[in-house]
Amino acid sequence: EVTTGRANMIARTETSRVHTILRQSRAQAIGSTHFIWRTSRDANVRPTHRALEGKAFRWDEPPECDPGYHALPGAIWNCRCWPEAILPERF
């Protein structure tokens, strides 16, 4: 049986994951190859995610955001981070 708290965490995670995938798809459709990792910059940000804040990564090579896990921002459990697309020069 899944508790309400766990169900809410799963819903938040999956909603965030969808937003990340949409950002990635839109960015890559116009030629973006990289993104900048962004956090909410508050006390609840995980130390491993805080260390990624402001750094650039390739869409197809997500960083290790938690020990043993490589993922895009917002695509791992309870992550409130998001990718800021780096747009091609023409934009």
Side-chain angles (χ1 to χ4, degrees):
E1 186 174 310
V2 177
T3 65
T4 301
R6 179 131 171 88
N8 286 336
M9 186 208 49
I10 292 168
R12 277 192 310 271
T13 298
E14 294 308 313
T15 299
S16 181
R17 187 184 326 265
V18 167
H19 283 278
T20 292
I21 291 168
L22 286 173
R23 284 177 184 253
Q24 178 185 15
S25 294
R26 289 176 181 152
Q28 288 181 313
I30 60 171
S32 174
T33 58
H34 290 74
F35 67 91
I36 299 170
W37 188 288
R38 295 296 183 198
T39 70
S40 56
R41 298 181 186 169
D42 63 19
N44 294 325
V45 174
R46 298 174 216 189
T48 53
H49 293 211
R50 188 175 296 115
L52 299 172
E53 167 67 36
K55 294 182 180 174
F57 302 95
R58 290 185 53 87
W59 289 108
D60 58 356
E61 295 177 9
E64 184 175 22
C65 57
D66 283 324
Y69 293 94
H70 292 260
L72 295 171
I76 196 166
W77 56 88
N78 238 4
C79 180
R80 299 175 301 132
C81 301
W82 69 92
E84 178 185 320
I86 299 174
L87 301 178
E89 289 288 325
R90 64 180 184 258
F91 294 100

Any pair with a residue in residues 64-76 that passes salt bridge (charged side-chain N to carboxylate O under 4.0 Å, His left out), sequence neighbours left out, goes on the list, sorted by first then second residue, please.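 For residues 64-76: R46-D66.
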Summary of salt bridge (charged side-chain N to carboxylate O under 4.0 Å, His left out) pairs that have at least one residue in residues 27-36, sequence neighbours excluded: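 For residues 27-36: none.
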Compare every heavy atom of [Y] with every heavy atom of [X], then report the nearest pair and how far apart it is.
X   : Y   : result
A75 : T20 : N-OG1, 4.2 Å
T15 : H19 : O-CD2, 2.9 Å
P73 : C79 : C-SG, 4.3 Å

Is there side-chain contact between [X] and [Y], with heavy atoms separated by less than 4.5 Å?
X   : Y   : answer
L72 : R23 : no
T39 : C81 : yes
P83 : W59 : yes
L52 : P63 : yes

Would you say [X]'s side chain and [Y]'s backbone share a donor-acceptor pair under 3.5 angstrom?
X   : Y   : result
S32 : L87 : no
T13 : N78 : yes
S16 : G74 : yes

Assign the ring pair F35 / F57 to parallel, tilted or perpendicular, where the plane angle (0 to 90°) is split at 30° and 60°.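 Tilted: the ring planes of F35 and F57 meet at 30° to 60°.
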Side chain to side chain contact (heavy atoms under 4.5 Å, CB included) between I30 and R26, intermediate numbers included: CA-CA 7 Å; I30 60 171; R26 289 176 181 152; over 6 Å; no
How many angstroms lie between [atom1] in [X] and [atom2] in [Y], if you round to the nearest 0.5 Å?
X   : Y   : atom1 : atom2 : answer
T33 : I86 : OG1   : CD1   : 7.5 Å
H49 : N44 : NE2   : CG    : 13.0 Å
R80 : D42 : CZ    : CG    : 4.0 Å
H34 : E84 : NE2   : CD    : 14.0 Å

In terms of side-chain geometry, is the basic nitrogen of E53 or R50 positioned less than 4.0 Å from the acidic oxygen of its partner?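 Salt bridge: no.
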